[in-house]
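What follows is a short report on a single structure.
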Amino acid sequence: MSKKIAFIGLGAMGRPMAANVAKAGYDLNVFDLAPAAVAELAALGATAADSPAQAAAGSDIVLLSLPNAAIVAGVVTGENGVLAGSHSGQMIIDLSSVTPEHTRKMAALARDKGVGYLDAPVSGGVAGAAAGTLTIMVGGDPAAFAACETILQVIGKKIYHVGAVGAGDALKLINNLMLGINMAGVAEALTLGVKAGLDPKTMLDVIGVSSGRSYAFEAKVPNFILKGSFAPGFAIDLQYKDMEMATQTAKELGVPLLLTNVAQQMYETAKASGLGRQDISAVTTMLEKLAGVEVRESNPGVRGERRG
Ligand code: NAD
């Protein structure tokens, strides 16, 4: 018999992930604070719950996709939280990006109630969530992982069991530390390029086949920066939060993070300028203002010539 699933947190990522679970034919309960998001899933056949506890009640697996650790803690352990509605043998899978330390605490509380817990943060953005092609990095008991692999395959394509509970979070925070640094570098480089007279499209073409390229470059330059379209995507608030988790974890472990701290200030400045809900690529707009240029398709600069 197919498993009964609860999905809590129907945001930019959670909505398409939950939609894929519904479309795969699972019996699905959903909960979010935003009624519009819940209505979207109900239209696909999901049952709207009034609380995390109600969503969890009777479900075999509870999936969470929430903004941060404090919210996950409230949703899992709060008065009407998941654990208030859970039963022994149930599994909680947290797809959110949180710290390993937080996850180990949640897993211990769940274990006290006979509930299993996996951290399973994802990578691949909203497009990957919609296509069901996310990379998922899972920490936790190997038997629990094996029991949950089928549902994870509904939302992702590259699924890795990377260690004990919290290991998925550790991998995700170092991945996003690199994303944050790369994005800040792309913003600085392209702003300088336009100021130096280069055509944004030429930079895209040439760096796209050169050693400066990165995911931040390939995903964000054509789809966001050149179009001047900064709706998330991956919000600056979330990128800031992920770098905060990296610096927090690094402090606990005594590891210096020089570049991460500098790059994080770029996102701190963006948040202070009111850009927190915009895509991470919007950090470019701050540098554009300082330099008096714009990195846009419609701003050709000096057009390059392609040979060979
Ligand atoms: P989001 O802010 O778009 O969505 C969060 C959702 O959680 C919202 O619908 C909100 O209403 C809901 N929510 C907040 N508090 C709640 C509560 N107490 N109870 C129930 N629902 C509540 O965030 P997102 O972009 O979907 O990201 C979700 C998680 O995935 C974050 O941890 C983020 O870091 C991570 N992530 C995001 C991306 C991305 O590209 N957006 C990529 C990988 C990982």
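Each ligand, and each atom within it, is numbered from 1 in the order the structure gives. Side chains are part of it too, since the values below use all heavy atoms of this structure and drop only hydrogens, waters and symmetry mates. Counting begins at 1 with the first residue of the sequence.
- Residues Val221 and Val293 are members of one and the same hydrophobic cluster, defined by side-chain heavy-atom contacts under 4.5 angstrom among Ile, Leu, Val, Met, Phe, Trp and Tyr.
- Each of the following atoms of ligand 1 lies closer than 4.0 Å to a heavy atom of Lys172: 43 (C), 44 (C).
- Distance from atom 11 (O) of ligand 1 to its nearest protein heavy atom, with residue and atom name: Asp32 OD1, 2.6 Å.
- Ranking the protein heavy atoms by distance from atom 38 (C) of ligand 1 puts Met13 CG, 3.4 Å first.
- Heavy-atom contacts of Ser96 reach the following atoms of ligand 1: 32 (O) (cutoff under 4.0 Å).
- The shortest separation from a heavy atom of Pro67 to ligand 1 is under 4.0 Å, placing the residue in contact.
- Taking Val206 as the reference, Thr202, Ser210 meet the side chain to side chain contact (heavy atoms under 4.5 Å, CB included) condition, with sequence neighbours excluded.
- Closest to atom 13 (N) of ligand 1 among all protein heavy atoms lies Leu66 CD2, 3.9 Å.
- Between Ile280 atom CD1 and Asn176 atom CG the span is 8.0 Å, to the nearest 0.5 Å.
- The single protein non-hydrogen atom nearest to atom 43 (C) of ligand 1 is Val122 O, 3.3 Å, given as residue, atom name and distance.
- Scanning all protein heavy atoms for the shortest distance to atom 35 (C) of ligand 1 gives Ser97 OG, 3.5 Å.
- The Val75 neighbourhood of ligand 1 comprises atoms 17 (C), 18 (N), 19 (N), with distances under 4.0 Å to a heavy atom of that residue.
- Under a cut-off of 6.0 angstrom, the local environment of NZ in Lys251 is sparse, with at most 12 non-hydrogen atoms contributed by other residues, nucleotides or ligands.
- Heavy-atom distances between Pro121 and ligand 1 stay at or above 4.0 Å for every pair.
- Residue, atom and distance of the protein heavy atom nearest to atom 28 (C) of ligand 1 are Ser65 OG, 3.6 Å.
- Here is the list of ligand 1 atoms found below 4.0 Å of a heavy atom in Phe31: 19 (N), 20 (C).
- For the ligand labelled ligand 1, residue Lys241 lies inside the 4.0 Å heavy-atom shell.
- Taken to the nearest 0.5 Å, the CG atom of Asp242 stands 11.5 Å off from the OG1 atom of Thr260.
- With hydrogens left out, the protein atom closest to atom 3 (O) of ligand 1 is Ala12 N, 2.9 Å, a heavy atom.
- Between Glu297 and Lys201, none of the side-chain N atoms (NZ, or NE/NH1/NH2) sits under 4.0 Å from a carboxylate O, so this pair counts as no salt bridge.
- Comment: Glu288 engages Arg296 in a salt bridge, judged by a side-chain N to carboxylate O separation of less than 4.0 angstrom.
- For Asp169, there are no salt bridge (charged side-chain N to carboxylate O under 4.0 Å, His left out) partners two or more places apart in sequence or in a different chain.
- Grouping the Ile, Leu, Val, Met, Phe, Trp and Tyr side chains by contacts below 4.5 angstrom, directly or via other members, places Leu134 with Leu118.
- Within the structure, the closest approach of Gly125 to ligand 1 falls below 4.0 Å when heavy atoms are considered.
- Exactly one residue among Val38, Ile5, Ile8 makes a side-chain contact (heavy atoms from CB on, under 4.5 Å) with Val30. That residue is Val38.
- The environment of Lys157 atom NZ is dense: over 12 non-hydrogen atoms of other residues, nucleotides or ligands sit within 6.0 angstrom.
- Partner of Thr99 under the side-chain contact (heavy atoms from CB on, under 4.5 Å) criterion, out of Lys172, Lys105, Met245: Met245 alone.
- Using 4.0 Å as the threshold, Gly74 has no heavy atom nearer than that to any atom of ligand 1.
- Nearest protein neighbour of atom 4 (O) of ligand 1, counting heavy atoms only, is Gly11 CA, 3.1 Å.
- Atoms of ligand 1 lying under 4.0 Å from at least one heavy atom of Gly233, given by number and element, are 39 (C), 40 (O), 41 (N).
- The option from Leu238, Asn175, Leu33 that lies nearest to atom 23 (O) of ligand 1, judged by heavy atoms, is Leu238.
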